[in-house]
Amino acid sequence: MTAVRTTLTALAFALLASTALAQSAKTTLTIDLPNEPATLDPHLQWNTDSYSVYRNIFDNLLTRDVSGEIVGQIATEWTYLDDTTIEFKIRDDVSFQDGTKLTAEDVAYSILRIIDPALKSPQLSQFNQIDTAVATDATTVKMTTKSPYPALLAQLVKLSIVPKAYMEKVGAQEFNVKPIGSGPYALGEWQKGVQTELKANDGYWRAKPPFETVVFRAVPDVSTRIADLKTGKADLIRDLSPDQTDSIKETENTKVLSVATERVGYMYINAQAGPTTDVRVRQAIAYAIDRSALIEALLQGYGAQVNIIGAPPVFGYTDEVAGYDYDPDKARELIKEAGAEGAKLEFLTSPSYSRALVEAIQQMLNDVGFDVSISASDQATFLKRRQGNPENAGSLAFGAWSCACQDADGIIFPLFRSGSQWAKYANPDYDALVDSARSTLDKDQRMADYKKAYEILREDVPGLGLYQAFAVYGANAKLNWEPTANESMFIMDMSWQQ
Amino acid sequence: MLRYVGERLLQAMIAIFGVLTIVFIVMHLSGDPTLLLVPQGASAEMIADLRRELGFDRPLWVQYVGYLNDLIHLDFGESVVQRVPAIDIVASRLPYTIQLAAGALTVAIGVGIPAGILMATRRGGWLDRVLTAVVVTGQSVPTFLSAILLIFVFAVTLGWLPASGIGGLSNLVMPSIALGALSMSTFARMTRISVADELSKDYVRAARARGLPMPKIIVRHVLRNASIPVISIAALEIGNLLAGAVIIETVFAWPGIGQLAIQSIQARDFLIVQVIVLLISFVYVITAVLADFIYAIVDPRIRLAR
Amino acid sequence: MTLATLSTSLSARFRRIPLPILAVIAILITMVLLAALAPWIAPADPSRQDLFARLKPPGFVGRSGITYWFGTDDLGRDLLSRVLYGAGVSLGVALLSVIVSTLVGVSLGMIAGWFRGWVEVVIMRLVDIMMSIPAVLLAVLTVAVLGPGFLKLVLVLGLTRWPRYTRVAYGQTLQVANLPFIKASELAGAGAARILFHHVLPNIAGPVLVVATAEFGLMILTEAGLSFLGLGIQPPTPSWGSIMSVGREYVERAWWIVLFPGLSLFFLVFSVNLLGDWLRDQLDPRSRTR
C-alpha cells in the first residue's frame with residue numbers, strides 16, 4: 001500500500017513538473033472546440049468549428065478590427081467606381097505558405113471559385129450577388145455585383161484567399177486535406193476526429209505568430225471541455241453555459257472570458273398558422289415573457305436585454321423602438337379578447353438550443369393561460385419543420401441568430417421577408433422597406449428603412465427579440481485574449497503571460 | 001459442412017443487404033443535409049439549387065438504385081459534409097474503436113466472468129452479496145453519468161488520468177471501464193447462471209463424491225460446459241461494444257465510430273452512416289458464425305444450428 | 001407440464017420466499033405505489049418553476065414556505081416531486097417497452113423454433129438484421145422520423161429490442177420441442193398454438209424472464225441516453241433519465257440532482273434483477289427436478 005502511494009506521489013510530481021516545464025516556455029496552445037473542422041477548404045463548409053480553425057490558415061480580403069469596423073486585410077483600399085462596380089487594391093508583400101507570392105489573380109480566382117455553382121459550396125448564398133471579378137493588374141481587382149449590394153463588404157469579410165496555382169495543381173480534394181494559405185499558421189497534422197495541429201508561419205507578413213504550435217481538439221461534451229481546462233489539457237474552451245462559469249471562476253488558474261456578440265436570442269412566432277395567426281395572441285406572448293428574469297436567472301447576466309431582433313454591433317440596430325414590458329395581466333387580457341384561452345401552442349426546439357430557456361419560456365406562457373407543449377427533435381428535423389410549410393412549422397421556436405455579417409440585412413431579411421423559408425409572416429410594407437434597404441448604398445436611408453421595419457415588426461410580432469447573446473469562453477488564467485463580437489478565434493490576437 | 005457454410009454466408013449477405021436497405025430508407029425519410037449545410041440566411045432558391053446539385057431532390061428509389069450501383073462497384077461515396085471518401089473517414093476511426101472495444105471487453109470479461117463464478121460458488125455468502133451490488137451498479141448507472149463521474153474523480157480531483165482524448169494507455173482506462181461496466185454485468189449474470197446450472201448436475205456431485213477438490217472440478221469440467229451460453233453472449237456484446245459506445249465516445253472525446261455514427265446521423269451524412277452500418281453488420285455476422293463454430297469445438301455434441 | 005400444474009407447483013414454492021426476496025418485492029411495490037400516487041403525495045407541481053430558487057440544496061425552504069426535501073433543479077423545481085412523477089414515466093416506459101418486445105420477440109421465437117423451415121430462416125435472418133443495426137442509432141433515426149413522445153418512445157424501444165427475446169425463445173423452443181411429453185401431445189393431435197402456449201411457453205418462461213429483467217433496467221438507461229441526446233421524454237415531463245442528464249452538468253455544484261434519481265434507479269434495477277434471478281431459479285424446469 002505504501003509502495004503504491006509512493007509511486008502515485010512520484011507520478012503526481014512528475015506530472016506537475018512536466019506541466020510546470022511546459023508553462024515556463026509556452027510553445028503549444030491547445031483549444032477545445034465542440035467538433036473537428038468539417039473541411040479546411042475555406043470555400044466549402046462554414047460552421048463555427050471549421051471557421052475557427054481555417055481562419056488562422058488563410059487571410060481574408062477584408063476583416064474587422066477590434067471595434068468591429070471593416071478594414072482591409074489582403075486589400076489595402078477599395079473604391080466604388082459606380083453602384084455595382086468596386087475596385088480593390090491588393091497588398092504586394094504577402095506570400096503563401098509555399099513561398100509563392102499572393103497576387104490579384106489569386107483574389108479574383110478565389111471570388112470566381114466560390115461563386116461557381118460547380119463547387120457546390122454551401123456558402124454560395126453569401127456571395128451570389130457578385131457577378132464577376134477580374135484582376136486588372138498585379139495589385140488590382142475589379143468586382144461587379146448584379147445590383148447595388150450594401151452588405152457586400154460585410155460578406156467579403158468572410159472570403160478567404162486561396163492560391164490559384166496550388167489549387168489548380170493538386171485539385172479541390174487534395175487541397176481540402178492539405179490546404180495552403182497566406183495566414184499566420186500552416187496546417188501541421190490533421191488527425192481526423194481527434195485534433196488539428198497548426199504550425200506557426202514565421203514569415204507571416206503582419207507579425208510573428210504568438211505560439212509555435214496550436215492544437216484544436218474535438219471535444220463534443222461541454223463537461224469534458226471544462227475538465228480539460230481544469231486539468232490543464234486545454235488552454236481555451238468554447239461554448240460554456242452561464243451556469244458553468246462559477247466553477248471555472250472558482251478554480252485557480254482558470255478564468256472566464258466573455259463578450260457581447262452580434263448574436264441575438266429571439267422567439268419566432270408563427271403568424272400564418274394556428275392560434276398565433278391572431279396578432280393579439282402574438283402580442284400576448286410578447287407581454288408574457290419576462291426577459292429580465294431569463295437574463296438574470298438563467299443567463300447569469302451573460303446577455304443584455306434588447307427590444308428588437310438585432311444587437312448593437314449590427315448595422316441597422318436601433319434602441320428607439322419600444323419593447324414589450326413584462327405584463328402578464330395585459331397578456332391575459334389580450335388572450336381573453338382573442339378568445340384564445342388555453343390555446344395549444346407547439347414549441348419547436350432541438351438540442352442546439354438551451355433546454356432551460358425553452359422550458360422557462362414555456363412556463364411563462366402557461367402562466368398566462370396558454371397550453372404550450374415542447375417538441376424537441378434533432379437539428380435536421382427541427383430545420384425541416386421550422387423552414388417548411390407554416391401549417392407544420394409549430395407555433396413557437398427559440399433561436400439564436402447571427403449572420404456573422406453585422407448587418408440587419410442578414411437577420412431580419414431572411415427571418416421575415418415574405419418568400420424567405422424562415423418567414424411565417426407576410427407584410428408588403430415590411431417587404432418594401434427591407435428590399436429598399438438591401439438595394440441602396442446610402443447609409444442614412446438604410447438606417448431609416450430598418451428603423452421603420454423594426455417598428456412594423458414590433459406591432460405585428462412575427463418574432464420577438466429577447467437578448468443580445470454573450471460568447472462565453474473558459475481560459476487558462478495566463479492566456480491574454482479579447483474575444484470579438486463576431487465570435488471568431490484569431491490566434492494572432494492571443495498571447496501568453498509568462 | 002461446406003454446404004452449411006455456403007448457405008450461412010448467403011443468408012448473411014441477404015441480411016446485410018436488408019440492413020443497408022432499412023437504414024437507407026429510414027435515414028432518407030428523416031430528411032437530407034442541405035438545410036444543415038447552408039448558412040442561416042440562405043434563400044429558398046439557393047437551398048433548392050444546392051439540394052439539386054447534391055442530388056437529394058431525386059426520387060428515393062432513384063437515389064437507392066444509384067447507391068446500390070456504386071456499392072456494386074465498391075464505391076462507398078464521398079461524405080457530403082467533409083468532401084472526403086466516406087470509407088477513408090470510417091477507416092481512420094476504426095483503430096480507436098478496436099482499442100476501446102478491446103479495453104471494454106477486457107474489463108467486462110476480466111471482471112465479469114470471475115465475479116460470476118464466485119457468485120455461483122459462494123451463493124448466499126457475503127461475497128455473493130457484495131459482487132451482486134457491484135454488478136447491479138454496472139447495470140443501473142447511465143453511461144453519460146458514470147463517465148462524467150469518472151472524469152470528475154480521476155481526472156479533475158485526483159489528476160491521475162487524462163480527462164479526454166487519445167494518447168497512451170492511461171487515456172483508455174476510463175472509457176474502457178465506463179463502456180465495459182454494462183457488459184461486465186451481463187457476463188457476470190450469465191456466468192453465474194450457467195455455472196450454477198452445471199454445479200447442480202450429477203457429474204459434479206459424482207466428482208465431489210470421488211473426492212476431487214472443488215476448484216479443480218470447476219476449472220476442468222464446469223467452466224467448459226458453462227462457457228457455451230457465455231460465448232454466445234460475448235458474440236453479441238462485441239457488436240454492442242462497437243456501436244454502443246456512442247455516448248461514451250462523445251463524453252470522452254474518443255474518436256471511434258460510435259461518435260462518428262451519431263454525428264453523421266445528426267448531420268445526415270448518409271454515406272458515412274451506410275459504411276458504418278455495413279461494417280457493424282459484417283462484424284456481427286462474422287462473430288455470429290464464429291460463435292457457432294466455437295460451440296461445436298467446445299461441445300462436439302452440438303449440431304450446427306441454423 | 002401444463003400451466004395448471006405449473007401454478008400449483010409454483011404456489012407451493014412461493015410459500016417459502018426467502019427474506020431478501022420479500023424485501024425486494026416490498027421495495028418494488030413501494031416504488032410502484034409511489035409512482036402511482038405521485039399526484040397525491042408529491043409536495044409540489046413537478047413543473048412549477050421558481051427561477052430565483054435554482055439549484056438549492058436539500059432541505060431548502062422556499063419563499064412560499066414549502067420545504068424542498070430533495071432540493072431544487074436548474075429551473076428551481078422541486079426535485080422530490082420530479083423524482084416521484086419521474087418514477088411513473090421511467091417505470092412506464094421500461095415496463096411497456098419490455099412487454100412490447102417480449103410479446104413480439106417470444107411469439108416469433110417460438111414460431112421459428114417450432115415450425116422450422118423457411119419460416120425459421122426468415123425470422124432468424126430478420127433477427128440478425130435487427131441485431132446488427134445498433135439500437136441507439138436505430139432509435140435516434142426512428143425518433144427523427146416519428147417525432148418524440150411517450151408512446152412512440154415505447155414503440156421505438158420495444159421494436160428495436162425484440163430480437164433478443166426471439167433468440168432466447170427460439171433456442172429454448174428447439175430444446176423443448178424434442179422432449180417426450182411434447183412429442184406425445186403432438187401425436188395426441190394437439191394444435192401448434194395449443195402446444196406452444198400450454199407446453200412450450202411455461203418451459204421457456206425462465207430464460208425469457210432473465211432477459212426481460214435485464215432488459216428492464218436497460219430500457220430505463222436507454223431512455224436516459226436518449227434524453228441525454230435530447231430525444232427522450234419531452235420536457236417538462238420528468239423521467240429519471242432526463243433528470244440525471246440535466247443533473248450531470250451540475251455534479252459539482254448540485255450533486256443532489258443526480259443523486260436522488262440515481263439511487264432510485266439503483267434500487268429499482270437491483271430489485272428487478274434479484275427478483276428475476278430468483279424467479280428464474282423457481283421456474284427453471286431443470287432446477288425443479290433437483
Side-chain angles (χ1 to χ4, degrees), chain A residues 8 11-12 15-16 32 35-36 38-39 41 44-46 117-118 120-126 128 172-173 176-177 191-195 217-221 223-228 230-231 233 351 378-381 383-384 387 401-405 409-411 413-415 419-422, chain B residues 30-47 49-50 53-54 78-85 88-89 92-93 96 144 147-148 151-152 155-156 158-166 247 249-257 259-260 262-263 265-269:
Chain A
L8 286 175
L11 205 69
L15 281 172
L16 280 175
D32 271 12
N35 269 302
E36 70 168 339
T39 62
D41 181 338
L44 294 178
Q45 301 311 334
W46 191 73
K120 301 179 200 171
S121 171
Q123 295 184 58
L124 180 57
S125 63
Q126 299 178 328
N128 64 338
Q173 211 173 58
N176 185 17
V177 248
Q191 253 184 299
K192 281 267 183 190
V194 185
Q195 59 183 39
R217 301 173 73 237
V219 183
D221 186 7
S223 302
T224 315
R225 292 201 291 276
I226 293 173
D228 282 342
K230 288 184 176 176
T231 54
K233 203 172 170 65
D378 69 353
Q379 184 71 1
T381 313
L383 287 178
K384 197 169 146 191
Q387 302 189 2
W401 190 282
S402 164
C403 61
C405 63
D409 179 60
I411 308 175
F413 187 92
L415 272 178
S420 155
Q421 74 280 3
W422 291 95
Chain B
S30 70
D32 70 52
T34 321
L35 295 178
L36 293 166
L37 290 172
V38 294
Q40 277 189 319
S43 67
E45 304 85 70
M46 297 303 314
I47 292 172
D49 284 351
L50 184 64
E53 271 145 25
L54 296 174
E78 190 179 81
S79 153
V80 68
V81 179
Q82 303 189 28
R83 305 280 178 105
V84 173
D88 292 358
I89 297 173
S92 73
R93 304 296 190 93
Y96 305 115
F144 60 78
I148 201 68
I151 291 178
F152 185 60
V156 177
L158 297 172
W160 291 355
L161 294 166
S164 70
I166 54 157
I247 290 172
E249 290 182 357
T250 303
V251 175
F252 287 104
W254 188 268
I257 57 173
Q259 192 195 352
L260 180 68
I262 191 81
Q263 284 171 350
I265 286 182
Q266 281 164 353
R268 300 292 187 272
D269 203 340

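All heavy atoms count here, side chains included; hydrogens, waters and symmetry mates do not. Within every chain, numbering begins at 1; the chains are lettered A, B, ... in the order of the sequence lines, protein sequences first and strands thereafter.
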[X], part contacting chain A, at a heavy-atom distance under 4.5 Å:
X: B:S43; value: backbone
X: B:I47; value: side chain
X: B:L36; value: both
X: B:L35; value: both
X: B:S164; value: both
X: B:F144; value: neither
X: B:R83; value: both
X: B:E78; value: side chain

When [options] are compared by non-hydrogen pairs under 4.5 Å with chain B, the top option:
options: A:L124, A:N128, A:L383; answer: A:L383
options: A:Q191, A:Q195, A:K230, A:Q387; answer: A:Q387
options: A:P351, A:S402, A:G410, A:A404; answer: A:S402
options: A:I411, A:D228, A:V219; answer: A:D228
options: A:A380, A:P414, A:A227; answer: A:A380

Self-check item: chain A interface, residue from B:L54, B:V81, B:L50, B:V38 that has the most non-hydrogen pairs under 4.5 Å
Solution: B:V81
Closest approach of [X] to [Y] (non-hydrogen atoms, all atoms of both residues):
X: A:L44; Y: A:Q123; answer: O-NE2, 3.0 Å
X: A:S125; Y: B:A42; answer: OG-CB, 3.4 Å
X: A:K233; Y: B:P162; answer: NZ-CB, 4.1 Å

Self-check item: Residues A:D32, A:R217: salt bridge by 4.0 Å N-O rule
Solution: yes
Quiz item: Does A:D378 come within less than 4.0 Å of A:K384, counting only side-chain N to carboxylate O?
Solution: no
Self-check item: Which residues share a side chain to side chain donor-acceptor pair (under 3.5 Å) with A:D41, sequence neighbours left out
Solution: A:R113
Exercise. Please flag which part of A:S420 lies under 4.5 Å from any non-hydrogen atom of chain B: side chain, backbone, both or neither.
Key: neither
Quiz prompt | Check: A:Q45 side chain, A:A38 main-chain N or O, donor-acceptor pair, under 3.5 Å | solution = no
Practice problem: Measure from the side-chain N and O atoms of B:D269 to the backbone N and O of B:V80, and report whether any donor-acceptor pair falls under 3.5 Å. | Solution: yes
Exercise. Check whether any side-chain heavy atom of B:Y96 sits under 4.5 Å from a side-chain heavy atom of A:V194, and report yes or no.
Key: yes
Exercise. May I ask you to test the A:L415-A:W401 pair for a side-chain heavy-atom distance under 4.5 Å?
Key: yes
